[in-house]
Structures are given as structure tokens and as C-alpha cells.
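Step one of this worksheet: look at the structure below.
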Amino acid sequence: MSQQKTSRPKARLPRGFRDRSAGEIAAERALIDTIRKVYESYGFSPLETPAFEYTDALGKFLPDVDRPNEGVFSLKDDDEQWLSLRYDLTAPLARYVAENFQNLPKPFRRYQVGPVWRNEKPGPGRFREFTQFDADTVGSASPAADAELLMMTCDALEALGLKRGEYVVKVNSRKLLDGVLESVGLSPDDFARRGIVLRAIDKLDRLDRKGVEALLGNGRKDESGDFTKGAELQLDQIERVLKFVSVSHFEPDMRTSDWGSNFKFWERDFGNTANGAAGLAELKAITGILKVCEYDAARIRLDPSIIRGLDYYTGPVFEAQLTFPVTNEAGETVVFGSVAGGGRYDDLVARFTGQQVPATGISIGVSRLLTALQSRGLTGDVEPLIVVLSMGDAAQSFAIARELRAAGLRAESYVGTKKIPDQLKYADKRGAALVVMEGEDERANGKITIKDLKRGAEVSKSVESRAEWVGARAGQETVDRGKLVEKVREMLARKG
RNA sequence: GCAGCUGUAGCUCAGUUGGUUAGAGCGCCGGAUUGUGGAUCCGGAGGUCGGUGGUUCGACCCCACCCAGCUGUACCA
């Protein structure tokens with residue numbers, strides 16, 4: 001026996017994964033339904049792809065090694081080919097488009113919602129399995145496609161109950177930053193240093209100006225003593241880069257709701273570079289559309305510090321942020337990061353077909369958004385539950401439950417083996433609204449008893465002794481058997 | 001990956017300056033109460049004190065290594 005003990009498995013969740021129960025599921029379902037309605041109203045259609053893709057389709061082999069990248073969950077199929085769990089919904093879309101190219105309408109517009117997996121170290125609010133909700137337009141190079149996604153994101157957030165000013169969708173273009181770097185004298189081919197600069201700018205949210213300066217220069221040491229290598233820029237180069245991104249970050253006075261003045265400022269600064277000019281042209285086209293459609297800078301704002309993930313974005317990049325404070329599980333107020341992000345990726349499909357297919361998309365982080373919205377009381381509604389106690393044979397209580405279900409109510413019959421007090425405890429724990437009892441007494445008199453658990457709980461607060469509590473029969477009524485459904489409806493309505 | 005902190009019952013945690021049978025609360029099971037959820041009381045089950053090795057007459061406690069978790073940081077397509 002002691003041998004068996006040592007081999008007993010420990011009941012534990014793999015780290016970075018979560019169990020989710022009724023309340024959260026209902027809330028997520030409501031959130032997804034709301035977004036879905038908005039996306040469908042724009043003409044996007046659903047697509048589902050499997051959790052697994054061939055690792056090379058995801059582009060996730062380690063450089064020069066015949067083994068998948070760390071960061072994805074991978075396994076070898078029995079034909080020796082590597083499979084990986086998808087880490088986002090964009091790579092599977094690119095594969096789908098490449099595989100079905102000739103049959104798809106162009107532009108191809110689809111939305112997809114589902115879990116994605118990342119094999120990384122989890123942190124507070126960061127998991128290895130989470131849900132994303134994506135919308136993409138494939139096969140259009142027009143800034144109209146980008147502008148539409150921005151407007152649709154605003155509509156979705158507002159459909160979820162967010163007010164103007166409680167969120168902001170920020171736009172930038174990768175080409176702008178390339179223009180800045182070019183004008184500063186950093187070669188576009190210096191990928192390593194460019195990457196460090198991008199990452200440093202991406203950290204503006206979390207670090208102060210000094211920290212970002214250090215990362216752009218010689219490097220930075222954090223509180224734990226760990227050192228991060230910097231981009232080795234000269235002081236005047238750092239100055240120019242920070243001036244560009246600081247439009248919205250360090251100098252609130254320069255934050256402008258007038259898109260035009262930003263453009264003038266940037267044109268002077270780096271409009272003469274090829275990348276800079278191209279980026280400005282894109283953004284002007286997008287903002288022109290937004291203006292006419294009356295999505296002003298209170299909702300969608302240019303922000304040069306928006307960078308997003310490094311690799312596949314080729315033009316405009318987007319990020320939606322919440323502007324109100326959010327309380328986390330520990331009860332602390334936290335600055336909530338982005339709840340959606342995306343951008344233009346013109347080269348992804350070309351990986352498969354060799355032909356460039358312009359594409360743009362945005363992805364809502366469902367799990368994160370849910371956390372934020374829950375603190376504002378967005379919850380899914382669940383039909384009240386009625387528990388029928390088992391007081392004779394099971395068939396009897398099943399019959400009552402069936403009668404209630406036939407009337408469109410949500411009813412379950414107790415299928416355990418316990419006595420009445422425990423059955424009531426069970427109903428209580430389930431959060432049931434009502435309990436129905438039909439024992440020998442009732443049956444003999446053609447009656448049935450219905451108990452309102454919430455009202456009973458109220459009564460118990462003023463009850464001292466057990467005899468009194470038991471005798472009170474709190475919140476319950478006994479009526480003619482034939483009036484079951486009628487009475488149940490009445491009691492449910494009374495609560496609401 | 002790097003750094004710091006933490007591992008004792010299903011959960012949250014006490015505890016021993018090294019000394020026989022390791023504790024509490026919650027939860028669970030049974031009872032007081034054969035058909036009434038709260039409150040209260042009684043009883044019970046549940047632990048190789050993260051693992052391995054060492055020091056010692058003796059280790060849950062001290063030492064070394066390992067493992068896991070947490071926090072920060074890096075990476076994050």
C-alpha cells in the first residue's frame with residue numbers, strides 16, 4: 001500500500017493553464033457573442049482552423065536546426081513531421097489563404113475566435129493558453145482595409161459597453177520608425193540594433209524615460225541586477241528617436257487631437273526618407289477616411305510609440321488600450337496594457353505561394369479584455385436553476401423536472417444519495433433559485449412545495465435557535481400540484 | 001536564461017534555538033437533528049514536513065546538491 005501512495009499523482013494544474021467555471025464562461029460567451037455580431041455586421045465571415053499546424057507552416061523552426069522553436073508546443077507525428085499548437089490565428093490564416101487561394105473571393109474577410117498556445121514563462125495575467133478574437137482582410141493593399149478594422153474595433157469595444165474616452169485605438173506605421181532611424185543614420189540593414197531600438201520603445205509603458213534612454217544607449221541594469229544590452233546609439237541619435245516617440249508619451253502638451261499638425265512635424269523631421277514618406281502617405285490615407293467617417297482622435301489616435309511584435313508587420317500597426325484603472329485579483333489597481341493589436345502584414349502569404357498578398361488584421365485579447373470588463377460588471381446572464389429534491393423514487397422527481405423543462409425552465413433533479421438537509425445544502429451551493437419538494441405529505445394531499453432559497457437565507461439572519469429555523473419553513477409555499485409551473489413562474493418573477 | 005524569495009494535510013498557514021506519538025482554521029465524512037439549506041456542538045479520515053545525500057546518539061529544523069512554485073528581469077514569432 002505504501003508503494004501505491006508514493007505513485008499517487010498530485011492533483012495540479014500545469015503552470016500557465018487555468019480551469020474556468022460557469023461564471024467566467026458565461027461572461028466570455030457574452031463578450032464573444034457581442035464582438036461576433038459587430039464583425040458579422042461588417043460582412044466578415046467565420047473561419048475555423050485546427051489547433052495543430054505543421055511547424056514549418058507556422059514558420060517556427062529554429063534557425064539552422066531541425067527542431068521547432070522554443071515558445072511553441074510541438075510534437076512529432078508518427079510520420080516524423082513536426083506539429084505545433086498554433087500560437088496565434090494569423091499564421092493559420094496565411095496557410096489557409098495560400099492553400100485555397102484560387103477559390104477565395106479577394107479581398108477575403110474572415111473572423112476567427114479560439115484558443116492559442118504559447119510555451120513561455122507565464123506571469124501575472126499571462127497564460128500559456130488564452131483566447132484571441134481576430135478579424136483580417138486578405139488581398140487588399142488599400143488603406144481602406146486598415147481604416148475599416150480600426151473603426152470596427154471601436155464599434156466592438158463600444159458594443160461591449162465601453163464609453164467614448166474609456167478606450168483608445170492607437171495607430172502607427174513601422175515605416176515611420178524606419179524613416180526616423182534612417183534619418184538618424186542607423187542603417188535599415190542593421191537588424192540587431194534596429195530590434196533593440198524597437199524593443200526599447202515598446203517598453204515606454206513600463207520604464208521611465210531614463211530606462212529607455214539607457215536601453216537606447218549603453219544598456220540598463222534592473223533592480224535584480226540583471227543587465228540588458230543597449231542599442232549603443234549616440235546621445236544625439238537617442239535624442240532624435242525619443243523626440244519622435246515622445247509626441248504622446250513624455251510631453252502631454254504635444255499630444256494633439258489634430259492629426260494634421262503631427263504630420264507637419266514629422267514631414268519636416270524625416271519626410272525626406274523613402275520609408276518615412278511611404279509611412280506618412282499610408283497614415284494620411286487612413287486618417288483621411290477616419291475623419292470623413294467621424295472617428296475622431298478621441299477614439300483613434302496616432303501614436304509613434306506603438307511598435308507591436310517585431311517580425312511580420314510591414315506597415316500600419318494598431319493597438320487598442322483601455323484608459324481606466326483596472327483592479328486585479330489581488331485587489332490592486334494596475335495599468336492595463338493593450339486589449340487588442342494588429343497591423344498590416346503583406347509578406348505572410350508569400351511564404352507559401354511566392355506571390356505577395358497584402359493583408360491586414362487585428363486581434364482582440366479576449367481573456368485580457370474579459371478581466372478588464374469584469375471589474376466593470378460585465379457578466380453573462382444564466383437562467384435561474386430549479387432543483388427538484390429526490391424524496392421518493394427517482395422517476396418521480398424526474399417527472400417534475402421534465403414538466404418544468406417542458407415549460408421552458410431550467411430544472412434538474414437531485415441524483416445523489418443524501419438526505420433532505422444535504423440536498424438543500426447542495427441546492428444552496430449550486431446557487432439554485434428555487435427548490436421543489438414533493439414528498440409523501442404533499443402527494444397524499446395533491447400538493448407540492450416550492451422553496452425560495454434566497455428568501456430563506458434572508459430569514460435565517462434573524463433566527464436564533466435551530467428549532468425556530470427548522471420550523472420556519474422559510475420562504476416556501478405549498479400549492480396545488482397542478483399549479484406547479486404557474487407558482488414557479490410567479491416566484492421567479494418576484495425575485496427579478 | 002539571470003536574480004531574489006518560498007516549499008509542512010485537499011486549501012490557507014502555524015511550529016520546532018536539533019529531542020519520543022507534527023498542529024490550527026477551512027473543506028471533506030459521520031452524528032446531535034429518521035422531511036428543511038443558516039448558526040452551534042461532538043466525533044472521524046487525511047501528512048514518507050518538496051527530493052536525494054551528508055553532519056549528528058537523534059534531522060521537519062543544520063549543510064550541499066537537485067526539483068518545483070512565486071516575484072522581478074530578459075525573450076515573446
Side-chain angles (χ1 to χ4, degrees), chain A residues 1-8 10-16 55 58-63 68-72 84 86-91 94 116-124 126 128 195-196 198-200 202-203 206-207 211 215 219-229 307-313 330 341 345 348 351 387 389-392 414 418-432 434-443 449-476 478:
Chain A
M1 280 317 267
S2 61
Q3 285 296 320
Q4 282 187 3
K5 243 181 199 173
T6 53
S7 66
R8 204 192 273 163
K10 185 162 177 66
R12 66 205 174 118
L13 208 49
R15 100 199 134 102
T55 303
L58 296 178
K60 280 297 113 195
F61 278 112
L62 286 168
N69 202 341
E70 296 164 29
V72 292
S84 296
R86 65 187 181 206
Y87 60 86
D88 69 9
L89 299 175
T90 307
V116 300
W117 295 268
R118 297 190 185 181
N119 193 359
E120 301 168 349
K121 183 187 160 188
R126 291 190 56 173
R128 294 158 94 194
I196 294 173
L198 291 178
R199 269 166 279 166
D202 203 31
K203 289 186 177 59
R206 284 183 284 135
L207 303 178
L215 283 172
R220 171 176 177 270
K221 193 184 278 186
D222 64 52
E223 305 109 69
S224 71
D226 203 21
F227 182 77
T228 308
K229 194 173 174 295
I307 297 300
R308 303 301 305 164
L310 299 184
D311 251 15
Y312 59 61
Y313 291 122
Y345 52 98
L348 257 195
R351 285 190 51 241
V387 171
L389 299 197
S390 175
M391 304 179 79
Y414 177 80
K418 298 287 180 66
K419 295 167 185 162
I420 302 304
D422 290 301
Q423 296 194 29
L424 280 161
K425 264 185 207 166
Y426 166 82
D428 216 20
K429 216 164 199 171
R430 290 295 322 272
L434 302 180
V435 161
V436 173
M437 294 181 271
E438 189 199 33
E440 283 175 28
D441 294 352
E442 283 89 353
R443 222 167 308 128
T449 298
I450 305 162
K451 187 181 184 74
D452 183 331
L453 289 176
K454 296 274 156 42
R455 274 180 63 206
E458 289 297 313
V459 172
S460 88
K461 284 175 190 161
S462 55
V463 167
E464 294 290 321
S465 78
R466 168 151 184 96
E468 192 186 342
W469 164 241
V470 169
R473 299 283 192 265
Q476 79 182 49
T478 299

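When reading the values below, keep in mind they use all heavy atoms of this one structure, side chains included, and skip hydrogens, waters and symmetry mates. Chain identifiers are assigned alphabetically (A, B, ...) following the order of the sequence lines, protein sequences preceding nucleic acid strands; residue numbering begins at 1 within each chain.
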- Message: Rounding to an integer number of angstrom, what distance separates C66(B) and G30(B) when you compare their P atoms?
- Response: 47 Å
- Are Tyr87(A) and the base of A77(B) stacked, counting only ring centres nearer than 5.5 Å and planes tilted under 30°? yes
- Find the distance Leu13(A):CG to C11(B):P and express it as a whole number of Å. 13 Å
- Rounded to whole Å, the OH-P distance (Tyr313(A) to C76(B)) equals 14 Å
- Which whole number of Å gives the distance between the P atom of G10(B) and that of U48(B)? 7 Å
Give each protein N/O atom lying under 3.5 Å from an N/O atom of nucleotides 4-6 of chain B, with the pair distance.
none

- Message: Can you list everything that forms a side-chain contact (heavy atoms from CB on, under 4.5 Å) with Ser462(A)? Sequence neighbours excluded, please.
- Response: none
- Distance from Met391(A) atom CE to Glu440(A) atom CD, nearest 0.5 Å? 9.0 Å
- Which residues share a side-chain contact (heavy atoms from CB on, under 4.5 Å) with Glu458(A), sequence neighbours left out: Lys461(A)
- Query: Sequence neighbours excluded, which residues qualify as side-chain contact (heavy atoms from CB on, under 4.5 Å) partners of Ala94(A)?
  - Reply: Leu348(A), Val349(A), Phe352(A)
- Message: Categorize Val459(A) for me: base, sugar-phosphate, or nothing, with a 4.0 angstrom heavy-atom threshold over every strand shown.
- Response: nothing
- Partners of Trp469(A) by side-chain hydrogen bond (donor to acceptor under 3.5 Å, both in side chains), sequence neighbours excluded? none
- Taking atom NZ of Lys60(A) and atom OG1 of Thr55(A), what is their separation to the nearest 0.5 Å? 10.5 Å
- Query: Which comes earlier along RNA chain B counting from the 5' end, the contact point of Lys203(A) or that of Arg15(A), where each point is its nearest nucleotide?
  - Reply: Arg15(A)
- Using the P atom in both, what is the distance from U8(B) to G38(B), to the nearest Å? 32 Å
- If we take the P atom in both A22(B) and C26(B), what is their distance in whole Å? 22 Å
- Query: Taking the P atom of each, how far is G15(B) from C62(B), in whole Å?
  - Reply: 13 Å
- Note on the structure: For residues 420-431 of chain A, the salt bridge (charged side-chain N to carboxylate O under 4.0 Å, His left out) pairs (sequence neighbours left out) are Glu412(A)-Arg430(A)
- Task: Between G51(B) and C67(B), how far apart are the C1' atoms? Round to whole Å, please.
- Result: 7 Å
- Item | Dot-bracket line, read 5' to 3' along RNA chain B, where crossing pairs take [ ] and | marks a partner on another strand, Watson-Crick or G-U under 3.5 Å | (((((((..((((.....[...)))).(((((.......))))).....(((((..]....))))))))))))....
- Message: Can you tell me whether the side chain of Arg126(A) and the base of C76(B) have a donor-acceptor pair closer than 3.5 Å?
- Response: yes
- Validation row: Leu434(A), Asp452(A) side chains within 4.5 angstrom (heavy atoms): yes
- Query: Atom CG of Leu198(A) to atom P of C76(B): distance rounded to whole Å?
  - Reply: 10 Å
- Test ring pair (Phe, Tyr, Trp, His ring centres under 6.0 Å) applied to Tyr345(A) - qualifying residues, sequence neighbours left out: Tyr312(A)
- Mind checking the C1' distance from G18(B) to C61(B)? Whole angstroms is fine. 6 Å
- Task: Could you tell me which residues satisfy side-chain contact (heavy atoms from CB on, under 4.5 Å) with Ser390(A), sequence neighbours excluded, listed by chain and number?
- Result: Ser397(A), Tyr414(A), Gln423(A)
- Listed by chain and number, what are the salt bridge (Lys or Arg N to Asp or Glu O under 4.0 Å) partners of Arg126(A), not counting sequence neighbours? Glu120(A)
- Item | Rounded P spacing from G50(B) to U6(B) in Å | 14 Å
- What string of B, S and - do you get for nucleotides 35-40 of chain B 5' to 3' if you count protein non-hydrogen atoms under 4.0 Å? BBBBB-
- By side-chain hydrogen bond (donor to acceptor under 3.5 Å, both in side chains), which residues pair with Thr478(A), not counting sequence neighbours? Thr449(A)
